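Accompanying notes for the structure given below.
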Amino acid sequence: MPHGLAMLEILRRGRPGGLPISGLTDWKIRIYLMRWSKTYIPTLRQKQTEAELISHQLLLRAGYIRKLAAGIYLYLPLMQRVIDKFSNIVREEMNRAGALEITMSVLCPAELWQKSGRYDTIGKEQMRLKDRHQHDMVLCGTHEETVTNLIAGEVRSYRQLPLNLYQIQVKFRDEIRPRFGLMRGREFIMKDAYTFDADAESFARSYQAMVDAYFAVFKRAGLDVIKVESDSGAMGGKVAHEFMLLVDTDAGEEDIAVCNKCGYAANVEKAEFKDDAPDPTDAEPKDMETIDTPGAATIEEVTEFLKVDATALAKTLMYKADGKPVAAMVRGDRDVNEVKLRNALKAVDLEMASEEEVLKYTGAPVGFAGPVGLKDVQILVDPLVAEMKNMIVGANAGEKHIKNVNLDRDFKAAEVIDLTRARGGDTCPHCDGKLDVKDGIEVGNTFQLGTNYAEKLGAKFLDADSEERPCIMGSYGIGITRTPQAALEKYFDDKGIIWPKAIAPYLVELIPIKMDNENQVAAAEKIYAALTEAGIDVLYDDRDERPGVKFNDADLVGVPVRITIGDKSLKDGNVELKARSADKFDLVPVNEVVEAVIRLAETLN
RNA sequence: CGGGGUGUGGCGCAGUCUGGCAGCGCGCAUGCUUUGGGAGCAUGAUGUCGGAGGUUCAAAUCCUCUCACCCCGACCA
């Protein structure tokens with residue numbers, strides 16, 4: 001028996017699940033069962049109603065995932081292979097960057113989160129439970145507390161730094177509303193890395209090393225991502241970046257402001273901008289005048305009623321920040337950026353005031369709030385409003401507005417601070433380019449954490465001058481399960497998935513047209529053996545199905561390269577080689593298939 | 001948590017308004033015929049109609065409670 005077929009016998013008897021098969025060289029260790037009839041790929045013909053996004057729909061239909069409960073998914077054999085391939089890319093690039101792989105527990109004593117202070121601020125998203133001894137435990141959605149605790153007391157000298165620890169592991173966040181399949185699940189897999197440095201210069205190098213590694217990871221995975229500035233949210237710290245995959249479908253969960261000239265890019269939550277509106281009139285302050293505006297509550301209605309531009313109005317929006325009333329003022333044509341507002345207030349809890357609360361705070365129904373005469377309400381004013389003269393605002397009375405209102409003369413601001421949400425067409429804060437707002441999916445993030453966690457959890461060391469100092473930390477995530485799904489928002493057509501080759505479950509799908517044709521099966525076995533020996537992942541569709549079924553399943557599953565074996569070409573000793581992304585195939589002699597596959601794969605994303 | 005919606009065979013759905021034998025398509029099993037883009041014929045299996053309680057001679061259908069899931073919003077390292 002030829003060597004190839006002997007090996008196939010080993011494979012056939014091998015255990016599913018990818019356990020190493022003895023006697024194979026290192027690079028063949030990840031070989032699995034690859035016959036369709038022996039694996040488990042439950043494809044579905046019909047659209048599943050539970051899925052909205054195309055990527056989610058495809059993963060369900062092509063047999064990659066199944067749902068167990070809201071936001072909790074099982075990864076079937078194809079998905080497991082995608083996860084393995086992407087994880088390995090991440091692992092290799094992290095290791096190359098000098099990070100060390102560890103595994104931390106999903107469970108964590110609540111005590112550590114109480115120490116860091118996040119137990120009280122992270123909210124209901126954190127899953128909490130008690131063990132049999134009634135000890136409070138949490139399920140980790142991120143591991144700053146755990147890893148910092150690990151380091152605390154163990155790292156005592158600057159000589160032991162820098163340190164970069166990472167894991168690829170399950171996370172749990174009890175999302176208020178899970179959706180979009182793997183993109184917003186409650187349980188998911190994440191690569192999370194944590195750096196510990198002794199000083200700022202060292203930290204800058206560690207951070208840059210992670211940024212470089214991230215670009216390398218996404219490039220290898222066939223994904224174009226951009227790095228954008230982001231808000232650091234509940235992580236604390238000042239500087240943060242997100243790695244975004246820009247998409248054209250409606251799956252974009254984040255709005256990204258991108259300068260068309262200088263490369264500035266930021267999450268709209270964070271984005272700064274220069275406003276282009278004409279300078280406010282330099283008219284002298286006029287006397288305030290209360291005017292009736294019957295039936296005009298919204299900005300549109302008021303501008304229509306008074307025949308003025310929205311830029312002449314100031315909106316006063318009522319919020320409740322940690323239980324206290326707050327008024328946020330932005331220009332009439334602008335929207336409040338709630339992240340900026342939250343940061344300005346340093347509030348844990350921020351929500352818009354209800355209709356009843358607005359009535360209580362302002363004495364008027366929604367739509368007529370204004371800063372003049374507001375009592376016991378903190379007023380934050382956007383700079384664009386601060387420079388307005390003779391603005392029009394709500395009168396805190398039903399159906400009334402006030403004209404010619406001026407800051408300082410007519411009301412006082414607790415603070416003048418940027419509260420406005422950037423929008424497409426705004427001018428870049430760093431050059432004279434224009435900002436474009438695009439839809440993106442976050443696939444990775446990096447945070448500069450400073451010394452907050454190290455101080456609270458006692459990760460301190462002695463520096464060269466024998467002084468005790470807290471570690472400077474960073475944390476870095478890549479969504480292992482979300483990224484492949486995000487990729488599908490870009491790589492699909494009306495027939496199904498078109499994987500980038502590096503994260504495809506298999507590189508090649510092998511389809512004999514007729515399984516009861518000896519010549520076709522013999523050629524298939526030969527090619528299967530040759531590709532397998534060359535270390536190429538092949539999915540051999542050995543089912544006795546009609547060709548249409550096999551072709552449609554192949555297109556749905558999205559393996560990048562397809563080899564079709566049929567009588568038409570086989571009579572001349574050829575098989576058909578076709579890229580999933582192409583319309584046409586090439587004829588290739590049976591004994592040259594391996595080289596041809598490698599050559600074709602080189603040209604594919 | 002607020003608003004809207006859906007639970008009927010493995011999947012997709014009809015039936016519910018107006019109570020009266022639980023149906024259709026796909027899939028599944030067996031046989032025959034087929035075989036280059038989701039085959040045809042024949043035969044067959046599969047349901048506590050999400051759950052509990054109630055009304056009724058009779059409940060998938062009406063009433064009450066409850067659970068799960070989906071969509072919109074708030075939230076999101």
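Quantities reported herein were computed from a predicted structural model and do not represent experimental measurements. Here is the naming used below: chain letters follow the sequence lines, and residue numbers restart at 1 for every chain.
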Taking any heavy-atom pair under 4.0 Å as a contact, classify [X]: base, sugar-phosphate, or nothing.
{"X": "A:G477", "value": "nothing"}
{"X": "A:F188", "value": "base"}
{"X": "A:M190", "value": "base"}
{"X": "A:E253", "value": "nothing"}
{"X": "A:K67", "value": "sugar-phosphate"}
{"X": "A:E254", "value": "nothing"}
{"X": "A:D553", "value": "base"}
{"X": "A:D567", "value": "base"}
{"X": "A:R562", "value": "base"}
{"X": "A:E125", "value": "sugar-phosphate"}

Scan A:D418, A:D382, A:D335 and name whichever one has a salt bridge (charged side-chain N to carboxylate O under 4.0 Å, His left out) with A:K340.
->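 It is A:D418, the one option of A:D418, A:D382, A:D335 that forms the salt bridge (charged side-chain N to carboxylate O under 4.0 Å, His left out) with A:K340.
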Taking only Lys NZ, Arg NE, NH1 and NH2, and the carboxylate oxygens of Asp or Glu, determine whether [X] and [Y] approach each other closer than 4.0 Å.
{"X": "A:K115", "Y": "A:E145", "answer": "no"}
{"X": "A:D516", "Y": "A:K514", "answer": "no"}
{"X": "A:D583", "Y": "A:K578", "answer": "no"}
{"X": "A:K270", "Y": "A:D231", "answer": "no"}
{"X": "A:R35", "Y": "A:E525", "answer": "yes"}
{"X": "A:E242", "Y": "A:K227", "answer": "no"}
{"X": "A:E253", "Y": "A:R482", "answer": "yes"}

For A:E52 and A:E442, take the nucleotide of RNA chain B holding the closest heavy atom to each; which residue's nucleotide lies nearer the 5' end?
->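 Here A:E52 is the residue nearer the 5' end.
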Residue met sooner reading RNA chain B from 5', once A:E50 and A:P547 are mapped to nucleotides |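 In this pair, the answer is A:P547.
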Quick one: is [X] getting a side-chain N or O under 4.0 Å of the [N] phosphate, OP1 or OP2?
{"X": "A:T49", "N": "B:C13", "value": "yes"}
{"X": "A:Q48", "N": "B:C11", "value": "no"}
{"X": "A:K514", "N": "B:U34", "value": "no"}

Separation of atom [atom1] in [X] from atom [atom2] in [N], rounded to whole Å:
{"X": "A:N519", "N": "B:G36", "atom1": "CG", "atom2": "C1'", "result": "16 Å"}
{"X": "A:L577", "N": "B:G36", "atom1": "CG", "atom2": "P", "result": "21 Å"}
{"X": "A:N552", "N": "B:U35", "atom1": "CG", "atom2": "P", "result": "19 Å"}
{"X": "A:E509", "N": "B:G36", "atom1": "CD", "atom2": "C1'", "result": "15 Å"}
{"X": "A:I176", "N": "B:C71", "atom1": "CD1", "atom2": "P", "result": "15 Å"}
{"X": "A:D555", "N": "B:G37", "atom1": "CG", "atom2": "C1'", "result": "8 Å"}
{"X": "A:N517", "N": "B:G36", "atom1": "CG", "atom2": "P", "result": "12 Å"}
{"X": "A:K124", "N": "B:A74", "atom1": "NZ", "atom2": "P", "result": "17 Å"}

With rounding to whole Å, what would you report as the distance between [N] and [M] at their [atom1] atoms?
{"N": "B:A29", "M": "B:U16", "atom1": "P", "value": "34 Å"}
{"N": "B:G20", "M": "B:C13", "atom1": "C1'", "value": "24 Å"}
{"N": "B:G9", "M": "B:A22", "atom1": "C1'", "value": "11 Å"}
{"N": "B:G50", "M": "B:G12", "atom1": "P", "value": "14 Å"}
{"N": "B:G37", "M": "B:G31", "atom1": "C1'", "value": "27 Å"}
{"N": "B:U8", "M": "B:C24", "atom1": "C1'", "value": "12 Å"}
{"N": "B:A14", "M": "B:A60", "atom1": "C1'", "value": "12 Å"}
{"N": "B:G27", "M": "B:C71", "atom1": "C1'", "value": "28 Å"}

Can a cation-pi geometry be assigned to A:R128 and A:Y119, taking NZ or CZ under 6.0 Å from the six-membered ring centre and within 45° of the ring axis?
->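 Because its charged atom sits under 6.0 Å from the ring centre and within 45° of the axis, A:R128 does stack over A:Y119.
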Find the partner of [N]: check Watson-Crick (N1-N3 plus N6-O4 or O6-N4) and G-U wobble (N1-O2, O6-N3) distances, both under 3.5 Å, and reply none if neither fits.
{"N": "B:U35", "value": "none"}
{"N": "B:C21", "value": "none"}
{"N": "B:C69", "value": "B:G5"}
{"N": "B:A60", "value": "none"}
{"N": "B:A42", "value": "B:U30"}

Which atom pairs link the protein and nucleotides 26-33 of chain B when you take only N or O atoms and keep those under 3.5 Å?
| from | atom 1 | to | atom 2 | distance (Å) |
| --- | --- | --- | --- | --- |
| B:G27 | OP1 | A:R45 | NH2 | 3.4 |

On the 0 to 90° scale, with breaks at 30° and 60°, tag the A:Y476-A:Y207 ring pair as parallel, tilted or perpendicular.
->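 Tilted, since the angle between the ring planes falls between 30° and 60°.
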What pairs of nitrogen or oxygen atoms, one from the protein and one from nucleotides 5-7 of chain B, lie under 3.5 Å apart?
none

If you check the [X] side chain, which of [options] turns out closest?
{"X": "A:D516", "options": "B:U35, B:A39, B:C75", "value": "B:U35"}
{"X": "A:L556", "options": "B:G37, B:G38, B:C75", "value": "B:G38"}
{"X": "A:R546", "options": "B:U34, B:C71, B:G36", "value": "B:U34"}

What residues, two or more places apart in sequence or in another chain, satisfy side chain to side chain donor-acceptor pair (under 3.5 Å) together with A:D255?
->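 If we apply the side chain to side chain donor-acceptor pair (under 3.5 Å) test to A:D255, skipping adjacent residues, the hits are A:R421.
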When A:K550 is tested against each of A:R562, A:M515, A:E509 for side-chain contact (heavy atoms from CB on, under 4.5 Å), which residue passes?
->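 Answer to the side-chain contact (heavy atoms from CB on, under 4.5 Å) test with A:K550 among A:R562, A:M515, A:E509: A:M515.
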Would you indicate whether A:K438, at its atom NZ, is surrounded by more than 12 heavy atoms from other residues, nucleotides or ligands within a distance under 6.0 Å?
->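 Atom NZ in A:K438 is not packed in, count stays at 12 or less.
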N/O donor-acceptor pair, side chain A:R177 with base B:G3, under 3.5 angstrom =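 No such pair is found, so the answer is no.
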